Amino acid sequence: MLCLKNAFLVDGTGQNPQEGVTVVVQGKTIVQVGRDITIPEDAQVIDLKHKPLLPGFSDAHTHLGGSDSLDRPGLTSRFANYNYAQNREAALEWGVTAVRSAGDFTPEILEFRDEVNEGKFRSPRILACGRFIQAQNGYPGYAVFSADQNILDNAMVLVNDQTDIEAEVKKLVEAGVDFIKTVISDDNKMDYPNSVPRLSNEQLKRIADAAHKYGKRLMVHVDDLKDMAEAIAIGADTIEHIISVGSSNHELTDELLKTLTSRDVWVVPTMIAIKNHDAMPGIPPVYATLEKVVREFIKAGVKIGVGCDSGIPFVPYGECVHLEMELLTEAGMSPLAAITAATGGNAKMFGQEHFFGTVEPGKAADLVVLGSNPLQDIKNTRDIKMVLRDGRIVVDKLLNN
Ligand SMILES: [Zn+2]
């Protein structure tokens, strides 16, 4: 048994912080949270001396990348540079204790997820969509990865007019994915301003219906607000990106705002990824537009998830979650709301709120201790002193310092 006493608790539910709290962890689970707790004599006690204690952060949109650590030679993709071991270590160092893979080699990612969740690897917990579904000659397969047959063959489901979409979704579900992800975009950042074919709304509807039939939430990658509105109309549960480099159709309508706030749909703007790719040569920048739209979303109370598109170039793994929270506060979110979004909020979006994401009895003991108050300055989430994952101390700059 482990007791963390004298915590300044920011519990991830969105409620105000509490001073002088004790959190008791037994095995992998938080068993008690409160002020008047009798600490058992045999417990290991860590006095946090009023340091902030938070749930572990999560990254709702990541690509864990190559399969190096799985010892599967032969995969020579451009993702091979981003190996699982390096990424999961970076995540833990930055207090990121859960990630949602938004497209990786399948079945490797699903096997890896299972081994991680059985405790065989030092890693954030993993949720995964497996292969994502896209138009046969569309984005990003062909547009970005046409030279990489491995990616086309092992990380995507390519859809044409003959594809039995429901059967393809069923295959993914039977393989054990946590989500279904699809991409709708006709933009081609690699050959701007030429476009590529995108899935029709009718195909998209079949994907959404099949996902829901098999009890899975649907993640939809969109690059502009028109596609976003159409994705929501056919039943998307989470919207990934909103506005990407090389896109047009940036007009935010009242109707879209109303739909977003009246339906159970989440938006993951991946601001850090868009910002860090904004200076692509020959393509008009979009970040300022994205920030304006996110500001309107925050004002209107749209549910925002914290995801980074980590694993792609220029998005530093793990650290990006802190950068994303900073950008959300620049767009009008309070530090408390940004922290809630990156912890308890993401867990709700994942459908995992019963399991992790907040500091409450019965939840997984994925915890972060900070050296300074993140509600005064969101940058203080970077001041990480200790990280626990499933009740084990995996990063310690507090006791060994
Ligand atoms: Zn992505």
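Predicted model only: the values in this text are computed from it and were never measured. Just so you know, ligand 1 is whichever comes first in the structure, and atom 1 is the first atom listed for that ligand.
For the ring pair (Phe, Tyr, Trp, His ring centres under 6.0 Å) test, no residue two or more places apart in sequence or in another chain qualifies with Phe356. Evaluation of the salt bridge (Lys or Arg N to Asp or Glu O under 4.0 Å) rule for Arg131 yields no partner, not counting sequence neighbours.
For residues 294-305, the set of pairs meeting the salt bridge (charged side-chain N to carboxylate O under 4.0 Å, His left out) definition, not counting sequence neighbours, comprises Asp264-Lys303, Glu296-Lys299.
A salt bridge is absent between Lys213 and Asp209; no separation between the charged side-chain nitrogens and carboxylate oxygens falls under 4.0 Å. A salt bridge links Lys171 with Glu168; the closest basic N to acidic carboxylate O contact falls under 4.0 Å.
Lys275 is not listed as a side-chain neighbour of Leu323, based on a closest heavy-atom distance of 4.5 Å or more.
For the Zn ion (ligand 1), the count of nearby protein N/O/S atoms, taking only those under 2.8 Å, is 3.
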